[in-house]
Q: 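Please find one structure pasted underneath; my questions will follow.
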There are 2 protein chains.
Amino acid sequence: MSSDVRPAAGRPEVVAATTRLEDVARALGVSGATVSRALSGKPGVSREMAERVRRTAAEMGYVANVHARTLAGGPTSVLGLVVHEIVDPYFTEIAAAMVDAAEEHGLLVQVCHAGRDPERELKQVRTLVAHHVRAIVLAGSGHLDPALEQPTAQVLQGFVARGGQVAVIGRRGLKADAVLPDNVGAGATIARHLVELGHRRIVVLGGLGGLTTVQDRIAGLASVLDADPDVTWHLEPCEFSADGATAATATALDAHPGTTALVTLSDQMATGALDVLRRRGLRVPDDLSVTGFDDIRIAAQLSPGLTTVRFPLTEMGRKALDLVLRPHTGRPRRRTVSSVLVPRDSTAAPNPRR
Amino acid sequence: MSSDVRPAAGRPEVVAATTRLEDVARALGVSGATVSRALSGKPGVSREMAERVRRTAAEMGYVANVHARTLAGGPTSVLGLVVHEIVDPYFTEIAAAMVDAAEEHGLLVQVCHAGRDPERELKQVRTLVAHHVRAIVLAGSGHLDPALEQPTAQVLQGFVARGGQVAVIGRRGLKADAVLPDNVGAGATIARHLVELGHRRIVVLGGLGGLTTVQDRIAGLASVLDADPDVTWHLEPCEFSADGATAATATALDAHPGTTALVTLSDQMATGALDVLRRRGLRVPDDLSVTGFDDIRIAAQLSPGLTTVRFPLTEMGRKALDLVLRPHTGRPRRRTVSSVLVPRDSTAAPNPRR
DNA sequence: TTGTAGGCGTTATCAA
DNA sequence: TTGATAACGCCTACAA
């Protein structure tokens, strides 16, 4: 007697067992191989047979077991996405774009949270690899210290070698397909905007954390600010977060009293800075102009509306998915996305009375 | 010769094959069974053996193949989360909490986006079921029309019958473990706050969309407002979104000129309303008080800070994970979470000059 | 305490 | 065009 018979049911089965490939095959009196081929649209099955199989499978409510399929070497329908901070709207918008776009392709996205910790990131990537996801997308700044990226890079390399796809967003250290926001250009844009408004004493919040994004944005700012002999600017060491900005803003205000413009390296940081200014009774932009980066959703809802440089986050997410879904083996492809200045009410010409 | 030997490497392997259980076993000179037991903390392995295995596995960067494990009957390490809108901070915070908490348990979360569309939701749930996720969490309001929920309910029932776990957040129609925000209570809280401030002419934005959350919040508001004979209030039909609020705010202002307080059913809606008021040159709270629901992160960052009722979103996410991870079979468990009034600057006593 | 062997549901490789 | 049959990598009775 075949061992392939489901547990005999003396009484009616309570637990509706999943219908398997075999069940469909037996119902049709054909082999599992045929059903498999028919269902995955592979050649080697007659038109009518394929049709019959499909119909029966549908009637029986058959859904392939993803694990069995993957184990046997079939294609995976899951994508992995690793972000630094899920609650950060910057990543949320990217993630949302990917989840949406993935759905259009019948794919699922596994979201991981690395908290800017290289070790945690490594662990997440390892997990995704173990899940045999079809592709892995890493979103968020890389680290200046290559040693921190090395282990991850190695795991990813193995993943790619085994047919996996990899793409990164906003990360230039890893040798992979990349969607790269022009952070240097964005920095220059912000700096130009402030200089044109007449600001000559500027404080930039940032530099801590060893992130390439931070470095690039600062480099862009410096390229403009350093070129103008009338401008004095200071880099106030600050973590790349709202809380970091809260702390650094207070320090900076005390250390550089003549400042007329405060540049933060992200909209998130700007919210922290605005909080402090409000508590101190300083008016924006009358007393101080403030700027951000990214143009996340809330930038427009803040009051005053935040002047910032927009990166097309949704587009970036979709582009990454696109890269990852269009396999290729040559050298890494790069999609640079540039920023657009979004002037709002948080910047103005410096107040002459100060 | 064992067929279990990896492709002989005449030259150094380029393709780093995944290390398997077997590889770890061989490295230690033990059987796969021992490694399996040691790694999954099962009894039947000596303390020191277990320790050696764990160390070696870690050194070799071994991560179990999820598909093989699941196929062999092991536990699944993936959770499914279906939310209405990923970009909505309400869901983002819940999702973040779940992803984080899941990681602590070595689990991954597959995030799905249903866009408040029952059919799309059904499809997402089906996909998750096909992926044999360990548990499915549905976050977000249910529909007033039970017929819309029925197909999903049925699929979930089959999932549970096969050992799956299900929990919902903020959804009372489905027969499953649930984390239920006290929306009625929150509505009452907001209404009481406004009445106590002295408001007598109030407009509530909401009612469209057929969502239970909306119905409950309105019921809570009504329970207080209707009880006060001095209060006149109107329900302005409005979609449950920021854009909806934008449109409805304009209409409501024109239709009910004497209004002193504008109640929106979510913080998101409040941002839409505030936008309109700002554009119309109306000051909040001097000309009009405005309230929200949920206390999502940006509520505090708006200017004026938004008066709202806080639901502990992070806690709700973790609670749902908790329910889902502590299997049980009896009747559905319910965890009700109550709200707290968060008075900020968007509400004040009505201006007597108006 | 440890090892052996069979099976989980598919896909892929051969034959037929 | 179809059908056996061997992987895929792990878990778990059962044996030792």
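Because only heavy atoms are used, hydrogens play no part in the values below, and waters and symmetry mates are left out as well, while side chains stay in. Naming convention: chains lettered A, B, ... in sequence-line order (proteins, then strands); numbering from 1 in each chain.
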Q: For A/I86 and A/T92, work out which heavy atoms get closest and say how close.
A: O-OG1, 2.8 Å
Q: If you check the A/L71 side chain, which of D/dT2, D/dG9, C/dT10 turns out closest?
A: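 Ranking D/dT2, D/dG9, C/dT10 by closest atom to the A/L71 side chain puts D/dG9 first.
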Q: Please answer whether the main-chain N or O of B/M98 pairs with a side-chain N or O of B/R318 as donor and acceptor at a distance below 3.5 Å.
A: no
Q: Salt bridge or not between B/E149 and B/R171? Use side-chain N to carboxylate O under 4.0 Å.
A: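 Looking at B/E149 and B/R171, the cut-off is met.
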Q: Specify the residue among B/G44 and A/N65 whose closest nucleotide of DNA chain C lies further upstream toward the 5′ end.
A: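 Nearest nucleotide further toward 5': that of B/G44.
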Q: Is the side chain of A/H84 donor-acceptor paired with the backbone N or O of A/S141 at a distance under 3.5 Å, no angle test?
A: yes
Q: D/dG9 P sits how many Å from B/R26 CZ, rounded?
A: 12 Å
Q: Which sits closer to the 5' end of DNA chain D, B/V66 or A/P43, going by the nucleotide each is nearest to?
A: A/P43
Q: For A/V45 and A/A50, work out which heavy atoms get closest and say how close.
A: CG1-N, 4.1 Å
Q: Just the rounded figure in Å: distance from P of C/dT1 to CD of B/E51.
A: 16 Å
Q: Mind calculating the distance between CZ (A/R20) and P (C/dT11) to the nearest angstrom?
A: 14 Å
Q: Given B/D177, which partner from the list B/R333, B/R334, B/R326 fulfils the side chain to side chain donor-acceptor pair (under 3.5 Å) test?
A: B/R333
Q: Quantified as the angle between the terminal helix axes (five pairs each), what is the overall bend of the helix from C/dT1-D/dA16 to C/dA16-D/dT1 to 10 degrees?
A: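 About 40°, once rounded to a multiple of 10°.
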Q: Can you tell which of D/dC8, D/dG3, C/dT2 lies closest to the side chain of B/S46?
A: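 The nucleotide sitting nearest to the side chain is C/dT2.
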Q: What does the B/S/- profile of nucleotides 11-16 of chain D look like, 5' to 3', with a 4.0 Å heavy-atom cutoff to protein?
A: SBB---
Q: Are there more than 12 heavy atoms of other residues, nucleotides or ligands under 6.0 Å from atom CD of B/E48?
A: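 Count not over threshold, so no.
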Q: Once side chain to side chain donor-acceptor pair (under 3.5 Å) is applied, what residue pairs with a partner in residues 54-76 of chain B remain, sequence neighbours excluded?
A: A/H67-B/H67, A/H132-B/N65
Q: Let me know the distance between CG of A/D23 and P of C/dG9, rounded to the nearest Å.
A: 9 Å
Q: Heavy atoms only: give me the nearest B/L128-A/L108 pair and the separation to one decimal.
A: CD2-CD2, 4.1 Å
Q: Rounded to whole Å, how long is the line connecting atom CD of B/E48 with atom C1' of C/dT1?
A: 11 Å
Q: A/L39 has an atom CG; how far is it from atom P of D/dT2, in whole Å?
A: 14 Å
Q: To the nearest Å, how far apart are A/E22 CD and D/dA4 C1'?
A: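 That distance rounds to 11 Å.
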